[in-house]
Amino acid sequence: TLATSCYYSMFSGCTSLTTAPVLPATTLATSCYYSMFSGCTSLTTAPVLPATTLATSCYYSMFSGCTSLTYIKAMFKGLSTSALAPTANWVKGVAAEGTYVKNAEATYTSTGDSAIPEGWTVETATE
């Protein structure tokens, strides 16, 4: 289990970061990955996000400004539209095209800065 804000902005602005570390946590805490990779303009592939349930603001702005990001595999099943949504602005400014892999049980289809990146191909996870 992660602590509140434990990885807040950890790699934010690391423009030479090309590979993200593994993030194995399946139980998340409030703001745990808030802005973790924001502004990492060389990052092309997001770490697999295995948690199926999200916490308040846990992925807030996580990949915002990652202009080279073209692949995300996120196993969460639903999205929130509240002001403190777990994924608020999480993919704002990512590459215009890419692949988004989601949980086969996912109930969301929305696109945009706080959901599936606009213009990306959506696939269903097989594992």
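The chain is numbered in sequence order, starting from 1.
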same_hphob_cluster(Y33, L54) at 4.5 Å side-chain heavy-atom cutoff: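 Yes, same cluster.
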
Transitive ILVMFWY side-chain link V101 to M75, under 4.5 Å: no

Provide the closest heavy-atom pair for [X] versus [Y] in the form atom of the first, atom of the second, distance.
X	Y	result
P50	P24	CG-O, 3.6 Å
A104	A125	CB-O, 4.1 Å
A95	T70	CB-CG2, 3.7 Å

Any P47 side-chain heavy atom under 4.5 Å of V22 side chain: no

Heavy-atom side-chain contact between L49 and L23 under 4.5 Å: yes

Interatomic distance, [X] atom [atom1] to [Y] atom [atom2] [nearest 0.5 angstrom]:
X	Y	atom1	atom2	value
L43	T15	CG	OG1	11.5 Å
T107	L79	OG1	CG	7.5 Å
T121	E97	OG1	CD	7.5 Å
M36	C14	CE	SG	10.0 Å

Pair S38, S12: side-chain N/O donor-acceptor within cut-off below 3.5 Å: yes

Candidate pair W120 and V94, rule side-chain contact (heavy atoms from CB on, under 4.5 Å), full reasoning: CA-CA 10 Å; W120 282 31; V94 298; 3.7 Å; yes

Parallel, tilted or perpendicular: ring planes of Y100 versus Y108, cut at 30 and 60 degrees: perpendicular

Whether over 12 other heavy atoms sit under 6.0 Å from K92 NZ: no

F76, CZ: over 12 other non-hydrogen atoms inside 6.0 angstrom: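 Correct, the count exceeds 12.
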
Side-chain (W90) to main-chain (C58) donor-acceptor, under 3.5 angstrom: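 Looks like no, no N/O pair under 3.5 Å.
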
side-chain contact (heavy atoms from CB on, under 4.5 Å) assessment of S68 paired with S42: CA-CA 6 Å; S68 299; S42 298; 5.6 Å; no

Residues which pass side chain to side chain donor-acceptor pair (under 3.5 Å) with T111, listed by chain and number, not counting sequence neighbours: E118

All salt bridge (Lys or Arg N to Asp or Glu O under 4.0 Å) counterparts of K77, not counting sequence neighbours: E105

L69 vs F37, side-chain contact (heavy atoms from CB on, under 4.5 Å): CA-CA, chis, key distance, verdict: CA-CA 11 Å; L69 188 65; F37 299 104; over 6 Å; no

